[in-house]
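Take a look at the structure set out below.
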Amino acid sequence: MVLRSLTKFYGMAGVRCGFSVCAAPLAERLRQSLPAWNVNAFAAAAARAVLEQPPSWADGERALNRERREDLFRRLSALPGAAVLPSGANFLLFRLAGAPSGLAARLLKNHGIALRDCSNYPGLENGGWFRAGVRTPEEHALLAEALRAELKGGGPAILRKLPKPALMIQGTCSDAGKSVLTAALCRIFLQDGHRVAPFKAQNMALNSGVTALGEEMGRAQMVQAQACRIDPDARMNPILLKPHSNTGSQVIVMGRAVGHMEAREYFTAKRRFWPDVRRAYDSLADEYDVLCLEGAGSPGEINLKSADVVNMNMARYARAKVLLTGDIDRGGVYASFLGTWMTFAPWEKELLAGFVVNKFRGDPELLAPAHSYMLDRTGRPVLGVIPMIRNISIPEEDRAALPFEQDEQARHADCLDVAVVMPAHVSNFTDFAPLAAEPDVRLRQVRTREEWGNPDLVILPGTKSVAADLAGLRAAGLEEPIRRHAEQGKWMLGVCGGLQMLGTDILDPLHMESAEERTPGLGLLELSTTFAAAKTLLNVRRASTPLAPPAAGYEIHHGVTRHEGASVPIMFREDGSPCGYGKGRIWATYLHGILDGDEFRRAFINMVRVDSGLSPNPSLHASYDLDGALDRLADVVREHLDLKAIYRILQLKR
């Protein structure tokens, strides 16, 4: 006769349900002895549900339990005087020589951890025997630390290390609006009186910025830090990947470049950076009351789950509640919600607090049937329907297009035509977002010769792969119109990688970006750039230029540029060193964000307007007010998100 309980393996404590397998005559005799109502309706439903699980589920649970049991065995065995017995179950029996009396009670009182005292088990009466359940590695670490403290005669309680309230925004896909929604929640928590910080474990983006300490991090997290009104810090984005090809990226850890890796190499190596991610998060959690986390891509990418450091594994480490957001403007958002839910393991489903529909146009009441369906199928509610947000200029994570739509009806009749040449690996495209806010500027992107038109100002933006993108520019037939534009004496501005393209040659002896050691530039400025191993990371708060208003910005580049002939320095850092060069109406600078300053931007626009035969507009005072935009964004999200439910989920006071 085999007697099996379902409650241990399937985690149904309290249901008290099981079964036996035996010969038919014996089974009949047992059946006659059973009470009339031996299994209640709840237990029967629970048994039916768990027995419908496929064999693969049981195999996965056994493998997970074995892996975690080994982790617990290793941590307990490292304790002084510990003897841990082998186990095939989801718990371990162990003895601690010299354990103080009442250890289990002290562990519960001082640290909030329940440990089973086994001194009343037959044969274990001598004391010092305990039983610990197999849980997560993070909980195992807390248990081991608490036991070590008590074995030393008592120590500081680790209750202070209980997780801080944390909310993570994940998406069903890239560009679902995670970054902007995270920024909105950061500002909302701040407005409601909480000390809040953003966090994204791993960011793949070409838009990056430099902190006050000279650390490189994703621009999205810098914007989120501004939403919290705190200084950006590399701990908020411990891993940054900057793609330089379809399969390779520069890897930046804690603000510093550590090398280049192909996708397959990084997939196997990124767990090596997991301790850096944990330390960064723990450090922020020690300083702030609430953490607002952002995921990456989609948590439903089952091929990436085993090495995940940014989605559900990060949420589990932070014990964060997860909101899954989807872009309804793309269509199929509810299928995306349900499909993502179906890829979740039970522990992932426990972390999910609800869904958020993003970028909706129309009457949200029409979505009620879909929301009832989702609640019925998943047990999780839709906690908000965020409308399509326009005219709030919040830089997004990374997009191939310019991020801010321009209201053509608000344009002046005599707009300055500005063409931004968009390379394949464009970086820091938000440098030009302030121009889109100007009513007398028409900003457009150019990728092909057919899109060229007759621009007044041409901008060559930054790029992570200068040589490759210069080759792509030439292949697209754009070199000839760029040269013709310069020969006509029209204005041109190169920023960072654009500066390097405008020069005579680009040297890469260390192969930092290219297999080619020398790439000829466009030759419009007498500048020669050599890529060095060390990366320049600078904040420039006051740069002098040929214009009266000072400029400001930040630098991120490997290139060291040397000038000759008529191409002279025209922009200088505070220490007098050059950060920009020019010849006639061709300017080039290493300063990202140079157009953010309202006064400098207006002076630059008016200068180009006059030289293009247009009237200046000195009375225009368009303000690139990111802080005000964050307040307006928070107002919209606050109106359309069930914040009462979110505060209740996080156990926070409003």
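Predicted, not measured: the structure shown is a model, and the values here were computed from it.
Side-chain atoms of Asn90 do not come within 3.5 Å of backbone N or O of Phe9 as any donor-acceptor pair. Of the possible polar contacts, one joining the Asn311 side chain to the Ala296 backbone as a donor-acceptor pair under 3.5 Å is found. Under the 3.5 Å distance criterion, the side-chain polar atoms of Asp642 are matched with a main-chain donor or acceptor of Ala645. With hydrogens and angles ignored, the 3.5 Å screen pairs no side-chain donor or acceptor of Asn203 with any backbone N or O of Gly218. The main-chain N or O of Leu167 is never found under 3.5 Å from a side-chain atom of Lys321 such that the two would form a donor-acceptor pair. Panel note: side chain Asn40, backbone Ala44; no donor-acceptor pair is recorded below 3.5 Å. A distance-only check finds no donor-acceptor pair linking the side chain of Arg69 to the backbone of Val134 [under 3.5 Å]. Asn237 places a side-chain N or O within 3.5 Å of a backbone atom of Ile239 that can act as its donor or acceptor partner. Distance alone, capped at 3.5 Å, places no donor-acceptor pair between the Ser283 side chain and the Arg279 backbone. Side-chain N or O atoms of Lys270 include none that pairs as donor or acceptor with a backbone N or O of Asp308 at under 3.5 Å.
Counting only N and O atoms by type, the side chains of Glu451 and Gln445 include no donor and acceptor under 3.5 Å apart. Using modelled atom types, one finds no donor on one side chain facing an acceptor on the other under 3.5 Å when comparing Gln170 with Glu294. At a cut-off of 3.5 Å, with distance as the only test, a side-chain donor of His140 or Asp71 sits close to an acceptor on the other residue. For the residue pair Glu139/Thr136, the side-chain donor-acceptor check at 3.5 Å is satisfied. With no hydrogens or angles considered, a side-chain donor-acceptor pair links Gln191 and Asp631 at under 3.5 Å. Using a 3.5 Å distance cut-off with no hydrogens or angles, the side chains of Gln226 and Arg187 do not pair a donor with an acceptor. Side-chain contact check for Asn313 and Arg316: at least one donor-acceptor pair (N or O, by modelled atom type) lies under 3.5 Å.
Annotation: side chain of Pro299 is not in contact with side chain of Thr172 (no heavy-atom distance under 4.5 Å). You'll find the side chain of Met314 stays beyond 4.5 Å of the side chain of Lys200, heavy atoms only. Contact annotation: the side chain of Met254 approaches that of Arg235 to within less than 4.5 Å [non-hydrogen atoms, C-beta and beyond]. Side-chain contact between Leu72 and Leu143: present, with at least one pair of heavy atoms (C-beta onward) separated by less than 4.5 Å. Side-chain contact between Gln250 and Leu241 is absent, with no heavy atoms from C-beta onward closer than 4.5 Å. Residues Met217 and Ser208 are not in side-chain contact: their nearest non-hydrogen atoms beyond the backbone lie 4.5 Å or more apart.
Here the straight-line distance linking atom SG of Cys186 with atom NE2 of His194 works out to 12.5 Å at 0.5 Å rounding. Distance check, rounded to the nearest 0.5 Å: CG of Leu108 to CG of Leu115 gives 10.0 Å. Atoms CD and CD1, on Glu287 and Ile230 in that order, are 9.0 Å from each other to the nearest 0.5 Å. Annotation: the span from Ile646 atom CD1 to Lys644 atom NZ amounts to 13.0 Å, rounded to 0.5 Å. For the atom pair Met168 CE and Arg319 CZ, the distance stands at 15.0 Å (nearest 0.5 Å). The CG atom of Leu633 sits 11.5 Å away from atom CZ of Arg638, with the distance rounded to the nearest 0.5 Å.
A perpendicular orientation is assigned to the rings of Trp274 and Tyr317, their planes being inclined by more than 60° (bins at 30° and 60°).
Heavy-atom minimum distance, Pro198 versus Cys228: CD-SG, 3.7 Å. Scanning all heavy atoms of the two residues, the minimum distance from Thr7 to Ser5 falls at OG1-OG, 2.9 Å. The shortest non-hydrogen separation linking Val420 to Leu443 is CG2-CD1, 3.6 Å. In this structure, Val309 and Val277 approach most closely via the heavy-atom pair O-CG1, 4.4 Å. For the pair Pro137 and Arg68, the tightest heavy-atom approach, listed with the atom from each and the gap, is CD-NE, 4.3 Å. The nearest pair of heavy atoms linking Pro275 to Arg272 is CD-O, 3.4 Å.
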Q) Is there a salt bridge (Lys or Arg N to Asp or Glu O under 4.0 Å) between Asp175 and Arg330 once you walk through the steps? A) CA-CA 10 Å; Asp175 199 26; Arg330 294 184 177 187; 3.7 Å; yes
Q. Between Leu367 and Ile328, does a side chain to side chain contact (heavy atoms under 4.5 Å, CB included) hold up when you go through it step by step?
A. CA-CA 11 Å; Leu367 303 177; Ile328 196 171; 4.1 Å; yes
Q) Passes side chain to side chain contact (heavy atoms under 4.5 Å, CB included), Leu30 versus Cys22? Steps please. A) CA-CA 10 Å; Leu30 290 173; Cys22 55; 4.3 Å; yes
Q) For Tyr266 and Val251, what are the C-alpha separation, side-chain angles and deciding distance, and is it a side chain to side chain contact (heavy atoms under 4.5 Å, CB included)? A) CA-CA 9 Å; Tyr266 177 71; Val251 181; 4.3 Å; yes
(Q) Applying side chain to side chain contact (heavy atoms under 4.5 Å, CB included) to Phe337 and Val357, what does each step give before you reach the verdict? (A) CA-CA 10 Å; Phe337 284 153; Val357 176; 3.9 Å; yes
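Contact check on Glu138 versus Arg278 returns no salt bridge, with no Lys/Arg side-chain nitrogen under 4.0 Å from an Asp/Glu carboxylate oxygen. With salt bridges taken as basic N to acidic carboxylate O contacts below 4.0 Å, none links Lys653 and Asp192. Taking the charged nitrogens against the carboxylate oxygens, Asp289 and Arg195 do have a contact shorter than 4.0 Å, which makes a salt bridge.
Taking the ring axis of Trp341 as reference, the NZ or CZ atom of Arg380 does not stay both within 45° of it and closer than 6.0 Å to the ring centre. Within the cation-pi definition used here (under 6.0 Å to the ring centroid, within 45° of the axis), Arg4 does not qualify as a partner of Phe19.
Within the 6.0 Å centre-distance limit, the rings of His371 and Tyr334 are counted as a close aromatic pair.
Of the candidates Val180, Thr182, Val356, Val356 is the only one forming a side-chain contact (heavy atoms from CB on, under 4.5 Å) with Thr325.
A 6.0 Å sphere centred on CZ of Arg16 holds no more than 12 heavy atoms belonging to other residues, nucleotides or ligands. Surrounding CD of Glu265 are more than 12 heavy atoms belonging to other residues, nucleotides or ligands, all under 6.0 Å away. Shown here is Met342, whose CE atom has no more than 12 heavy atoms of other residues, nucleotides or ligands within 6.0 Å. Heavy atoms of other residues, nucleotides or ligands lying less than 6.0 angstrom from CD1 of Ile302 number 12 at most.
For the ring-ring contact (aromatic ring centres under 6.0 Å, His included) condition, the pairs that include at least one residue of residues 276-302, sequence neighbours left out, are Phe199-Tyr281.
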